[in-house]
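Not measured: the values here are computed from a predicted model. Within every chain, numbering begins at 1; the chains are lettered A, B, ... in the order of the sequence lines, protein sequences first and strands thereafter.
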Amino acid sequence: MIKITLKDGSTQEYQKGISVKEVAESISAGLARVALAGEVDGKVKDLGYKLENDCTLNLLTFSDEGGRFAYRHTASHVLSQAVKRLFPNVKLAIGPAIDNGFYYDFETEKNFLPEDLAKIEKEMEKIIKEDLTLERFTLPRDEAIKFMEEKGEPYKVELIRDLPEGEVLSFYKQGDSVDLCAGPHLPSTGKLKAIKLMSSAGAYWRGSEKNKMLQRIYGTAFPKRSELDEYITKLEEAKKRDHNKLGRELELFTTVEEIGQGLPLLMPKGAKIIQILQRFVEDEEERRGYLLTKTPMLAKSDLYKLSGHWQHYKDGMFILGDEAKDEEVMALRPMTCPFQFMIYKAKLHSYRDLPIRYGETSTLFRNEASGEMHGLIRVRQFTISEGHLVCTPEQLEDEFKGVVDLIKFMMETLGIQDDVTYRFSKWDPNNKDKYIGKAEDWEDVQDKMRTILDHLKIDYKEVVGEAAFYGPKLDIQSKNVHGKEDTIITVQVDFALAERMDMVYVDKNNDKKHPFVIHRTSIGCYERTLAMLIEKYAGAFPTWLSPVQAKILPLVDKHHDFAYQVAAMLKDRGVRVEVDTRNEKIGYKIREAQLEKIPYMLVIGDKEMESNGVAVRSRKDGDLGTVSVQEFVDKILEEIRTKAK
RNA sequence: GCUACUGUGGCUCAGGGGUAGAGCAGCUCACUCGUAAUGAGCAGGUCGUGAGUUCAAUUCUCACCAGUAGCUCCA
């Protein structure tokens, strides 16, 4: 007998060799029906896995990540089987489950067309109906290589060859299909209920652009048709919030072919929001001891050679001139660091001067590859709330904490603090050429940073290879409506550039020392942050950020004069207001103002003129009744002052 | 940059080898109206750009430009 500890902490005795599925059945038939996999001592296993020793067992359903991944991973195997049946010459690469579905990569002679996806989906349905059992078996490494060579699967062979000698590999067989796979999987293809192929796209083998581009098919799967439908409806709903669509509809920004890719034009309303954010940031930073700088947007190549950008970031820069024939080559700045560092270097600093906090509303230029641009999220010119803090090693932790405190304050004010995740981005020790500085310094500063993050109790995920070329980063990540993640805010600890650019301070003992530098942004770059806000609020910005805060809607001509009087009063108090004097019915004017997502509509007719009032309509609560003009002014000013969400 | 798809008036879209249509928006007129679209009329497009095929191209082919999704890259 063996002892199995279940999720609720209870322990039961079972016959040695009992399967995960049998344990589920012993608990309840209902659980056995929905169980998809089992987590045995922390490792996810098939339902058919036999328990030989005392262990903890957590039965996983679709609501558990492990269960969901097993379910969708099985769907990806069904996808590869269907593709193989229809296109026997394709070569299989990899096919994992991902957050909201699964994919499989194939090498094909010709690319998949949308009609191919429909055919493949049909074949998948057939395989599900066939209810093929997934059988797990293992082979030693050498035999596994031979097996895949005979099957003519070069990508699988390559994957196996990368594993150490003596390794034993697991395979899953379902009907006519066998795939190399660690598992876990569902017991049979019939367990899959609702599947859908979403799209196909190119993807590089092993994620490197140096490799061949394969064909990737994305799909998703749910235990119920209704859940799949719900998911698809949710995706469509999310797309309506897409900043790239909504931002143009709301006249926040536009693009024109003649100006070029990644160069959006901020229209008056979009520019107004950015101005509000920018003033807010600059004032708040001043309160927190930042010193404002204004530095040039371009510099001679000499500066970038000194900072290392020329060696490590040249592809990302707009370079003016040709080194081969021009005496002077300039480049637009991709980052502010070397410029602000020159301000620091303009005089000799004592340890008594530190910390020094420089802030700048800084416009940067990056020559992104043509396929990268996306609305306001990925652009070639952007303006960032940039800053560099120069401090002693002893001050590093406090300064870092101060930065995180400022960032959290910014995010809370915008209402986005719960929509982000934290990423600790480290260097890649296997790719040292990408970075400046010594290996031991990298490890040292990363340890320091991890300690600070732990002290701050930040819930972060460590990722290798995402650091800047000069130091590790704390990245604050946000997902857009398509589920794609971008860095919205970043804090970087830099030990290397200060040394490289010979920044020093004089310490107590009259020795010259290199300071630490924290590179940071408080609110991110304004374009990207605006994009996030558009999607967060679906264009219905909090009143303090709304480009137009109130729209006055006179009923008919004779109310126009009073409407302008009210508008003047509001403007005088700093409220952004418009008057709609078009010859249209009130219902029409309200509809338009509502679609423009204006927080307050003020209807003015005979009654309001007599009582010196306004009939207030809120975009979210509808008709609020008539109040005096003064009362409305007090109410909206309070809302703006408190930056109410 | 790579893969696939897309590009028709300001916007959303229909059409299709014989030089174009709808709705909304715009303008004009009438209506002077109380909380999500009043009616009528008018105007607006060398069908992304360039080249090729053809008697004829917006439609077919190629290149370029721009957009969308994914990959790579990245704030």
> Between the side chains of Ser522(A) and Glu284(A), is a donor N or O closer than 3.5 angstrom to an acceptor N or O?
Replying inline: no

>> So, does Tyr588(A) get its side chain near the phosphate of rG39(B), meaning an N or O under 4.0 Å from OP1 or OP2?
In response: no

Report, one pair per line, the protein and nucleotides 61-65 of chain B atoms (nitrogen or oxygen only) whose separation is under 3.5 Å.
none

>> Without decimals, in angstroms, what is the distance between Lys558(A) NZ and rU32(B) C1'?
In response: 8 Å

> If we ignore angles and hydrogens, is there a donor and acceptor under 3.5 Å between the side chains of Glu386(A) and Thr336(A)?
Replying inline: yes

> P atom, rG21(B) versus rG16(B): distance in rounded Å?
Replying inline: 14 Å

> In which ranges does RNA chain B form stems of 3 or more consecutive Watson-Crick or G-U pairs, distances under 3.5 Å?
Replying inline: B:1-7 with B:65-71, B:10-13 with B:21-24, B:26-30 with B:38-42, B:48-52 with B:60-64

> Can you find a pair of side-chain heavy atoms, one from Tyr537(A) and one from Lys597(A), that are under 4.5 Å apart?
Replying inline: no

>> I'd like the C1' distance from rG18(B) over to rU59(B), given in whole Å.
In response: 11 Å

>> How long is the straight-line distance from CE of Met449(A) back to NZ of Lys473(A), given to the nearest 0.5 Å?
In response: 9.5 Å

> Starting at CD of Gln215(A) and ending at C1' of rC5(B), how long is that distance when rounded to a whole Å?
Replying inline: 12 Å

> Which whole number of Å gives the distance between the C1' atom of rG10(B) and that of rG26(B)?
Replying inline: 8 Å

>> Applying a 4.0 Å non-hydrogen cut-off, can you work out what Glu596(A) is touching in the nucleic acid: base, sugar-phosphate, or nothing?
In response: nothing

> Rounding to the closest angstrom, what is the interatomic distance between rU58(B) and rU38(B) at atom P?
Replying inline: 40 Å

> Side-chain donor-acceptor pair under 3.5 Å between Arg528(A) and Thr487(A), yes or no?
Replying inline: no

>> So Lys607(A), base contact, sugar-phosphate only, or nothing? Heavy-atom distance under 4.0 Å.
In response: base

> Going by the angle between their ring planes, with limits at 30° and 60°, are Phe112(A) and Phe87(A) parallel, tilted or perpendicular?
Replying inline: perpendicular

> Taking atom C1' of rC11(B) as reference, at what distance in whole Å does atom CG of Leu595(A) sit?
Replying inline: 13 Å

> What pairs with Tyr104(A) under ring-ring contact (aromatic ring centres under 6.0 Å, His included), at least two apart in sequence or on another chain?
Replying inline: Phe106(A)

>> Does either side chain, that of Gln261(A) or that of Ser370(A), offer a donor lying less than 3.5 Å from an acceptor on the other one?
In response: no

> Can the positive tip of Arg333(A) be found less than 6.0 Å from the middle of the six-membered ring of Phe339(A), inside 45° of the ring normal?
Replying inline: yes

> Between Gln549(A) and Thr543(A), is any side-chain donor less than 3.5 angstrom from a side-chain acceptor?
Replying inline: no

>> Could you tell me how far apart Arg619(A) (CZ) and rU35(B) (C1') are, to the nearest whole angstrom?
In response: 17 Å

>> Would you measure the distance from the P atom in rA63(B) across to the matching atom in rU3(B) and give it in whole Å?
In response: 11 Å

>> For a quick check, with a 4.0 angstrom heavy-atom cut-off, what is the B/S/- contact string for nucleotides 69-75 of chain B, read 5' to 3'?
In response: SBBBBBB

> Could one point to a donor on the side chain of Asn111(A) or the base of rU3(B) with an acceptor on the other under 3.5 Å away?
Replying inline: no

>> Expressed as a whole number of angstroms, how long is the span from Ile217(A):CD1 to rU3(B):C1'?
In response: 13 Å

> What is the distance, rounded to the nearest whole Å, between atom CD of Glu258(A) and atom P of rG67(B)?
Replying inline: 12 Å

> What's the closest nucleotide to the Lys585(A) side chain, out of rU3(B), rA36(B), rC33(B)?
Replying inline: rC33(B)

> Expressed as a whole number of Å, how far does the C1' atom of rG48(B) sit from that of rG7(B)?
Replying inline: 6 Å

> Using a cut-off of 4.0 Å on non-hydrogen atoms, how would the nucleic acid contact of Ala593(A) be classed: base, sugar-phosphate, or nothing?
Replying inline: nothing

>> Using atom C1' in both nucleotides, what's the gap between rU32(B) and rG44(B) to the nearest angstrom?
In response: 30 Å

> Is the charged tip of Arg216(A) near the ring of Tyr103(A): under 6.0 Å from the six-membered ring centre and within 45° of its axis?
Replying inline: yes

> Between His559(A) and Asp606(A), do the side chains contain an N or O donor and an N or O acceptor separated by less than 3.5 Å?
Replying inline: yes

> Can you tell me how far C1' of rU35(B) sits from CD1 of Ile598(A), to the nearest Å?
Replying inline: 15 Å

Check nucleotides 40-44 of chain B against the protein and report each pair of N or O atoms closer than 3.5 Å, with its distance, or say if there are none.
none

> Residues two or more places apart in sequence or in another chain: which of them pass ring-ring contact (aromatic ring centres under 6.0 Å, His included) with Tyr526(A)?
Replying inline: none

>> Exactly one of Phe400(A), Tyr358(A), Tyr470(A), Phe495(A) should register a ring pair (Phe, Tyr, Trp, His ring centres under 6.0 Å) with His519(A). Which one does?
In response: Tyr470(A)

> Considering only the P atoms, how many Å lie between rU8(B) and rC60(B), rounded to the nearest integer?
Replying inline: 14 Å

> Judged by modelled atom types alone, do Arg423(A) and Ser425(A) share a side-chain donor-acceptor pair under 3.5 Å?
Replying inline: yes

>> Without decimals, in angstroms, what is the distance between Glu584(A) CD and rC29(B) P?
In response: 14 Å

> Would you say the side-chain atoms of Tyr435(A) pair up with the backbone N or O of Asp428(A), donor to acceptor, closer than 3.5 Å?
Replying inline: yes

